[in-house]
Protein chains: 2
Amino acid sequence: MATSEPRAAGGDQDPNSANLRPPTTRFLQKNNSLEEKGRLAGQKNLLSCDNSDRDARFRRTETDFSNLFARDLLPAKNGEEPTMQFLLEVVDILTNYVKKTFDRSTKVLDFHHPHQLLEGIEGFNLELSDQPESLEQILVDCRDTLKYGVRTGHPRFFNQLSSGLDIIGLAGEWLTSTANTNMFTYEIAPVFVLMEQLTLKKMREMIGWPNGEGDGLFSPGGAISNMYSVMIARYKYFPEVKTKGMSAAPRLVLFTSEHSHYSIKKAGAALGFGTDNVILLSTDERGRVIPADLEAKILDAKQKGYVPLFVNATAGSTVYGAFDPISEIADICEKYNLWLHVDGAWGGGLLMSRKHRHKLNGIERANSVTWNPHKMMGVPLQCSAILVREKGILAGCNSMCAGYLFQPDKQYDVTYDTGDKAIQCGRHVDIFKFWLMWKAKGTAGFEQHIDKCLDLSQYLYNKIKNREGYEMVFDGVPQHTNVCFWYIPPSLRGMPDGDERREKLHRVAPKIKAMMMESGTTMVGYQPQGNKVNFFRMVVSNPSATQSDIDFLIDEIERLGHDL
Amino acid sequence: MATSEPRAAGGDQDPNSANLRPPTTRFLQKNNSLEEKGRLAGQKNLLSCDNSDRDARFRRTETDFSNLFARDLLPAKNGEEPTMQFLLEVVDILTNYVKKTFDRSTKVLDFHHPHQLLEGIEGFNLELSDQPESLEQILVDCRDTLKYGVRTGHPRFFNQLSSGLDIIGLAGEWLTSTANTNMFTYEIAPVFVLMEQLTLKKMREMIGWPNGEGDGLFSPGGAISNMYSVMIARYKYFPEVKTKGMSAAPRLVLFTSEHSHYSIKKAGAALGFGTDNVILLSTDERGRVIPADLEAKILDAKQKGYVPLFVNATAGSTVYGAFDPISEIADICEKYNLWLHVDGAWGGGLLMSRKHRHKLNGIERANSVTWNPHKMMGVPLQCSAILVREKGILAGCNSMCAGYLFQPDKQYDVTYDTGDKAIQCGRHVDIFKFWLMWKAKGTAGFEQHIDKCLDLSQYLYNKIKNREGYEMVFDGVPQHTNVCFWYIPPSLRGMPDGDERREKLHRVAPKIKAMMMESGTTMVGYQPQGNKVNFFRMVVSNPSATQSDIDFLIDEIERLGHDL
């Protein structure tokens with residue numbers, strides 16, 4: 001499709017907003033709203049100057065985007081003015097979105113099925129074409145993209161381990177994309193390279209490695225960080241694998257909890273170990289690795305002639321939020337000379353809290369740590385660190401010393417060129433938003449955020465643990481913010497345990513979740529685990545959530561699930 | 001350091017800017033400027049309303065950021081107003097940066113050594129602290145971060161394969177970070193997941209696969225995309241490696257050009273093949289693989305009992321911009337039943353150009369293709385696609401079917417949940433900026449961009465090929481925008497070839513580059529290659545570059561290198 005006439009982005013005009021923004025913006029305001037009138041009436045245009053009535057149309061009358069195209073923007077001649085106007089119009093869309101994200105009268109999502117969106121709902125056409133669209137259409141596309149998306153920063157979005165919309169982090173990301181460089185060399189990212197170095201050092205200090213010594217990188221997510229840990233463990237014990245391949249090593253085995261993240265298995269598959277050689281460890285009923293099981297499985301593997309290489313201890317498992325007993329695992333790793341990795345993608349943030357960091361006791365004995373600030377610490381996606389205790393091993397493992405990429409004869413100290421330590425070449429700048437948030441909040445601010453989230457999840461736990469219609473998946477106060485529970489509709493409450501009840505209960509959470517998404521009021525995850533049928537996994541990492549949002553979630557589950 | 005009083009960000013007040021912006025912004029304007037007075041006098045504040053004199057201070061007098069902190073922003077009570085003011089202040093910094101980026105009187109960079117920045121130059125303190133900084137300080141930090149960075153969108157930045165600052169792409173990135181979600185499931189990224197699907201299909205159509213069928217993903221860069229290709233090739237021929245590890249396969253070998261990107265070797269090391277089993281192919285003097293050498297090396301490997309698995313053909317090599325003869329390589333791959341991957345990270349963009357796409361003839365016969373829109377197509381970092389001809393193999397290779405992550409009983413068609421195809425779990429949204437650019441430019445707009453860049457590089461080639469003081473690294477018109485050349489200072493021009501001249505010439509490019517960076521006027525890369533001493537590699541992917549910028553570069557090289 002090629003047209004320069006913008007599609008009307010649906011929706012009738014709302015009389016309350018007639019003096020605010022052009023139709024397309026009103027549309028966004030209107031359709032995502034739960035309690036429309038009150039909110040719209042009180043709204044004002046914050047991009048405008050003081051006398052906003054005049055200003056709201058100032059830019060519109062000045063700039064007619066329907067006759068402007070990408071080619072009219074910078075670097076085009078006379079492109080500066082339309083560029084600024086266009087960017088400000090985009091910012092207007094974005095700041096409106098930000099405001100509504102925190103507004104509880106706004107829906108979390110406006111759900112549509114894939115086929116509905118693909119058919120071009122209300123003129124939102126996803127197809128690409130040969131000819132350019134006008135900037136007016138591009139602005140409509142931006143609004144529609146946000147309209148049909150999910151507000152992950154909404155106070156009632158609890159669906160993922162990453163949630164929330166940190167304003168400082170957002171500003172950091174806007175700056176990062178404006179700087180548009182990568183972490184390859186000091187030459188093209190001097191400030192970001194140094195920020196990464198200092199931040200990683202600070203994180204290593206919090207882990208407890210002496211003087212924060214060691215190494216590390218920000219990687220494109222926890223799965224890649226965990227993959228790094230397996231690679232460097234292999235390099236440490238069998239460096240010849242780098243040149244000779246896996247055939248140079250004996251049959252190596254990796255150990256990780258049956259509750260651990262699947263990325264350890266994915267790494268096992270990708271790196272040539274094979275998933276059969278990723279041994280799953282049994283856990284207690286809280287999802288924590290049983291150290292004796294680890295030792296037994298190490299001995300079993302050795303007896304079979306395999307070579308135990310690597311143990312992953314999870315600090316904050318995905319579903320239960322369980323913390324494996326790191327110290328006891330570290331004892332065993334020392335005894336058998338194994339690499340100890342701690343996957344703190346989810347739980348690493350608790351190192352920031354004096355109250356909760358004891359749950360990671362022993363992490364200072366790890367050889368490597370994954371820690372995702374984009375989860376518990378509310379940093380925008382993506383922001384994941386792989387931290388390594390031994391200096392130089394990351395470079396040893398990954399460097400190829402390509403002279404055409406890393407010139408040793410540059411005028412500055414080229415030890416700051418980090419590119420060759422990575423399995424990537426160009427590497428996205430993930431550090432700035434995190435650095436800026438740390439500056440703006442201080443360690444103290446992260447601590448408050450984490451303590452508050454854990455308090456909130458305990459509030460939820462206390463609220464439902466004895467409430468009629470709820471069963472907890474495991475007993476006791478959760479270690480992390482994960483609260484796992486079944487909601488039992490009245491129709492199932494008298495039913496004796498057995499296959500029929502299990503089958504029915506298995507269908508409850510998906511049904512409630514589907515209705516939740518259709519009504520757009522809140523989002524929470526569910527899943528089965530082992531022999532346990534589908535249950536809700538509530539997590540709190542969203543700084544905008546309050547007790548009232550927890551109450552709302554419970555009310556909503558009961559409202560939607562009551563008649564199932 | 002913990003202080004709420006902003007550091008003065010250096011520099012004296014400039015009398016010309018006294019009526020424009022507060023000191024910290026003036027600093028940015030002042031210090032990055034080459035021709036200060038003229039530009040500043042003509043500048044105006046584009047965030048302001050019409051009568052900008054009053055408006056420029058409107059927001060400043062209203063919002064005193066020195067007493068505001070991150071905790072005062074949303075979701076704080078009454079946080080909306082300071083949030084909007086803060087974001088607008090950030091946008092003001094960013095739009096000023098954008099304007100200056102395209103301004104040739106602005107420096108490309110303001111170079112400082114690592115130790116200088118670490119010492120806290122002009123009060124720019126990179127260290128993190130326990131206590132929060134004021135928002136005023138955060139804004140100063142934002143300005144300083146940009147000030148000491150590199151303007152990769154500057155018309156005279158030629159240092160990397162990725163350059164330029166596309167305004168539509170920038171808007172796309174700002175929106176992406178505001179939406180702050182990931183590509184894991186349709187549930188949390190409905191629009192982005194569909195955009196990715198449609199865009200990948202369009203890319204496969206351009207490759208020439210029937211009906212655009214196949215599969216693919218956007219990955220965190222070309223190195224990871226190339227790693228995917230090796231993984232899926234292995235899975236195609238030896239699926240049991242996924243569970244059993246490399247010991248289930250014979251000794252597998254990979255083939256790639258000696259001029260290819262190091263990521264193939266990195267993948268060989270990481271995935272357990274070993275770099276010894278990555279066989280480098282000889283090239284002609286233009287850096288193109290010699291097909292007969294491939295066949296000879298395949299036969300040699302077979303004779304040794306190894307199993308040839310995979311051939312990488314480079315479409316646009318990093319240094320020479322060479323295109324391997326894909327059709328001839330495809331013939332050999334078919335003959336010996338090998339996986340053919342085309343690394344078009346750099347050259348893939350030429351598929352968009354009717355004039356230049358013939359250089360990739362035969363790519364439709366590839367089993368997989370890497371194509372980085374963040375390089376030749378000017379999409380902001382990161383944006384790299386791995387495209388696969390056979391449907392389902394990506395999932396077969398990588399999926400772990402973790403029930404706790406991918407619930408099959410959701411209310412929508414879960415085949416849209418792409419997360420399990422990836423080696424990542426969460427995956428950054430890299431698609432939107434690219435989709436938006438494609439909408440805004442059309443295929444036609446990308447074609448114009450690419451044709452213009454190739455024209456410009458030919459202009460450079462024609463200008464220097466017979467110019468006194470220049471030697472081309474290889475003869476003939478470059479295939480891509482890479483122009484590789486030595487600048488020979490007058491002192492070396494009469495000197496006979498030999499070790500002494502080679503050693504001296506080897507030092508010329510680094511010296512000129514160092515002076516270039518110190519003066520901040522332009523940036524271009526250099527490197528040795530094989531037995532060739534350091535030479536300049538000029539590349540053009542920056543849409544803001546013109547013939548005058550090419551002229552400037554040559555003048556600058558001669559100015560800086562004349563007396564060496």
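Chain letters run A, B, ... following the sequence lines, proteins first and then strands; every chain starts at 1.
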Is chain B contacted by the side chain of [X], its backbone, both, or neither, given a heavy-atom distance below 4.5 Å?
X      : result
A:N159 : side chain
A:K265 : both
A:T101 : neither
A:L135 : side chain
A:A422 : backbone
A:S162 : neither
A:L73  : side chain
A:R234 : side chain
A:N534 : side chain

Could you tell me which portion of B:M227 (side chain, backbone, both or neither) has an atom closer than 4.5 angstrom to a non-hydrogen atom of chain A?
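Only the side chain of B:M227 comes within 4.5 Å of chain A.
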
Is there a side-chain contact between [X] and [Y] in this structure, where contact means two heavy atoms from C-beta onward sitting under 4.5 Å apart?
X      : Y      : value
A:P114 : B:Y412 : yes
B:N182 : A:H374 : no
A:F102 : B:T83  : no
A:H115 : B:Y416 : no
B:L194 : A:L118 : yes
B:L126 : A:V191 : yes
A:M195 : B:T145 : yes

Looking at every heavy atom in both [X] and [Y], which two are closest together, and how far apart are they?
X      : Y      : answer
A:Q131 : B:A444 : NE2-CB, 4.1 Å
B:P190 : A:Y148 : CG-O, 3.3 Å
A:C142 : B:L436 : SG-CD2, 3.9 Å
A:Q424 : B:P220 : NE2-O, 2.7 Å
A:A70  : B:A440 : CB-O, 3.8 Å
B:D409 : A:H506 : OD2-NE2, 3.9 Å

Angle class for the B:F111/A:Y186 ring planes (parallel below 30°, perpendicular above 60°, tilted otherwise)?
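Perpendicular: the ring planes of B:F111 and A:Y186 meet at over 60°.
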
Using the six-membered ring wherever Trp is involved, compare the ring planes of A:H428 and B:H428 and label them parallel, tilted or perpendicular (cut-offs 30° and 60°).
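Rings of A:H428 and B:H428: tilted, 30 to 60°.
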
With distance as the sole criterion, is a donor-acceptor pair present between the side chains of A:T178 and B:W174 under 3.5 Å?
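A pair is found: one side chain offers a donor N or O, the other an acceptor, under 3.5 Å apart.
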
Only one of A:Q411, A:Q407, A:E187 clears side-chain hydrogen bond (donor to acceptor under 3.5 Å, both in side chains) with B:K513; which?
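Answer to the side-chain hydrogen bond (donor to acceptor under 3.5 Å, both in side chains) test with B:K513 among A:Q411, A:Q407, A:E187: A:E187.
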
If you measure from CZ on B:F69 to CD1 on A:I168, what distance do you get to the nearest 0.5 Å?
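Between atom CZ of B:F69 and atom CD1 of A:I168 there are 11.0 Å.
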
Among B:S219, B:A270, B:C397, single out the residue with the greatest number of heavy-atom pairs under 4.5 Å to chain A.
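Counting heavy-atom pairs under 4.5 Å, the top option is B:A270.
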
Chain B contacts, top residue of A:I224, A:D413, A:V150, A:V90 (heavy-atom pairs, under 4.5 Å)
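Among the listed options, the one with the most contacts to chain B is A:V150.
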
